[in-house]
Amino acid sequence: MSDPFSIPLGRRDLLAATGSAAAFAMLAASPFGALAQGAGTAQVKIATIGSGREGGALGTVFAKAGHPVMFSSRHPEQLKDLVSGAGPNAKAGTVAEAVAFADVVLLVVPYGAIEEIGREHGTALAQKPLVIDVSNPIPQRDGEELVKKVNEAGGAGLYAAKAIPGAKIVRAFNNFGSANLTANAGNKDKNGVPMAGDDKAAIALAEKLVREIGFEPVLIGGLAMGKYVVPTPPMRGEHSPDEIRKIASELKA
């Protein structure tokens, strides 16, 4: 059986701005304040649960930006080429090793694997300052029944939060593919990253990390808005930050 953790794969603006300021104040007082404010990218250890195209590309971008990264798989020995290409900041391990290693975890798996991850690693993930949910429910891969289950839970984001209780989840990087990550980072006017999350400190940390790799984060709302942070219209593909804000202004949780 294939490894599910390695399968390729006006008012609002004011609220977002004030929310970000409050989030940084909150985070500064927390044990993880240095992660969001700190003096260097190498302070944040990042793990990917899922090392296919998207997880591999995103982990590589963070590694090249100076973060220690651990790619994970049930068969980490199969990730040698990925680790080599990502450079000296990267290594590979099992999912359990990656979760133990990381400050921040990138969840980049088929959506059908999220409940299993919650059962096996949920307690540890709930202790992390940030879990970025990069996964998407895709009918052709995950099945219509699972997609229906995700929709009944309120969509992607709320489903993951239910599967991993207590985890500080932010959805981000879901709307475009791996090629965009490596080819288009750095032009913040062109490349916005829509995000959805409820935890202010986690959002602040996610915003910092997004900016460090050359994109501009745009918070469109809480996890209930995570159902729109997917690779389908209206958010699919590349959008400028202003375009994302305009699209989001017309959406409802």
I'd like to know if [X] pairs up with [Y] as an ion pair, taking the criterion as any Lys NZ or Arg NE/NH1/NH2 lying under 4.0 Å from an Asp or Glu carboxylate oxygen.
X: Arg74; Y: Glu116; value: yes
X: Lys148; Y: Glu144; value: no
X: Glu115; Y: Lys149; value: yes

Return the minimal non-hydrogen interatomic distance between [X] and [Y], and the atom names on each side.
X: Phe71; Y: Ala86; answer: CE1-CB, 3.8 Å
X: Leu158; Y: Ala224; answer: CD1-CA, 3.9 Å
X: Lys227; Y: Lys252; answer: CE-O, 3.8 Å
X: Ile114; Y: Ala163; answer: CG2-CB, 3.8 Å
X: Ser51; Y: Ser72; answer: OG-O, 2.9 Å
X: Val170; Y: Ala206; answer: CG1-CB, 4.1 Å

Find out if a path of hydrophobic residues (ILVMFWY) with successive side-chain heavy-atom gaps under 4.5 Å connects [X] to [Y].
X: Leu125; Y: Tyr111; answer: yes
X: Val230; Y: Phe173; answer: no
X: Val147; Y: Val229; answer: no
X: Met70; Y: Leu79; answer: no

Report yes or no: does [X] contribute a side-chain atom to a donor-acceptor pair with the main-chain N or O of [Y] at less than 3.5 Å?
X: Thr48; Y: Gly55; result: no
X: Asn174; Y: Val134; result: yes
X: Thr60; Y: Gly56; result: yes
X: His239; Y: Arg236; result: yes
X: Ser135; Y: Val109; result: yes
X: Glu243; Y: Ser240; result: yes
X: Lys128; Y: Ala102; result: yes
X: Asn89; Y: Pro68; result: no
X: Asp103; Y: Lys45; result: yes

Within-4.5 Å side-chain heavy-atom neighbours: [X] and [Y]:
X: Ile213; Y: Lys64; result: no
X: Met195; Y: Val210; result: yes
X: Val218; Y: Val193; result: no
X: Pro234; Y: Leu251; result: yes
X: Val105; Y: Ile132; result: no

Working to the nearest 0.5 Å, report the span between [atom1] of [X] and [atom2] of [Y].
X: Ile247; Y: Asp242; atom1: CD1; atom2: CG; result: 11.0 Å
X: Ile203; Y: Leu130; atom1: CD1; atom2: CG; result: 9.5 Å
X: Ile244; Y: Leu219; atom1: CD1; atom2: CG; result: 11.0 Å
X: Asn175; Y: Thr232; atom1: CG; atom2: OG1; result: 9.5 Å
X: Met235; Y: Met225; atom1: CE; atom2: CE; result: 7.0 Å
X: Lys80; Y: Glu77; atom1: NZ; atom2: CD; result: 8.0 Å

Checklist line | Phe62 vs Glu212, side chain to side chain contact (heavy atoms under 4.5 Å, CB included): CA-CA, chis, key distance, verdict | finding: CA-CA 8 Å; Phe62 278 118; Glu212 283 180 358; 5.7 Å; no
Note to self: Looking at Glu145, I'd like to know if its CD atom is crowded, meaning that more than 12 non-hydrogen atoms belonging to other residues, nucleotides or ligands lie closer than 6.0 Å.
What the structure shows: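 Count not over threshold, so no.
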Note to self: Evaluate Asp133 against Tyr159 for side chain to side chain donor-acceptor pair (under 3.5 Å), listing each step before the verdict.
What the structure shows: CA-CA 11 Å; Asp133 177 14; Tyr159 178 87; over 6 Å; no
Next item on the list: Go through the steps to decide whether His67 and Leu209 satisfy the test side chain to side chain contact (heavy atoms under 4.5 Å, CB included), and finish with yes or no.
Entry: CA-CA 10 Å; His67 293 280; Leu209 291 171; 3.6 Å; yes
Check: With Tyr228, which residues qualify under ring-ring contact (aromatic ring centres under 6.0 Å, His included), at least two apart?
Finding: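 Tyr228 satisfies ring-ring contact (aromatic ring centres under 6.0 Å, His included) with no residue once adjacent residues are dropped.
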Next item on the list: Return the orientation label for the Phe176 and Phe215 ring planes: parallel under 30°, perpendicular over 60°, tilted otherwise.
Entry: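 It falls in the parallel class, under 30°.
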Next item on the list: In sequence, state the C-alpha distance, the side-chain angles, and the governing distance for Leu205 and Val104, and then conclude on side chain to side chain contact (heavy atoms under 4.5 Å, CB included).
Entry: CA-CA 9 Å; Leu205 179 52; Val104 173; 3.8 Å; yes
Next item on the list: Check the pair Asn136, Arg141 against side chain to side chain donor-acceptor pair (under 3.5 Å), reporting the backbone distance first and the verdict last.
Entry: CA-CA 10 Å; Asn136 293 303; Arg141 180 196 61 199; over 6 Å; no
Next item on the list: Under the side chain to side chain contact (heavy atoms under 4.5 Å, CB included) rule, what do Asn191 and Glu216 come out as? Steps first, then yes or no, please.
Entry: CA-CA 6 Å; Asn191 293 291; Glu216 183 62 24; over 6 Å; no
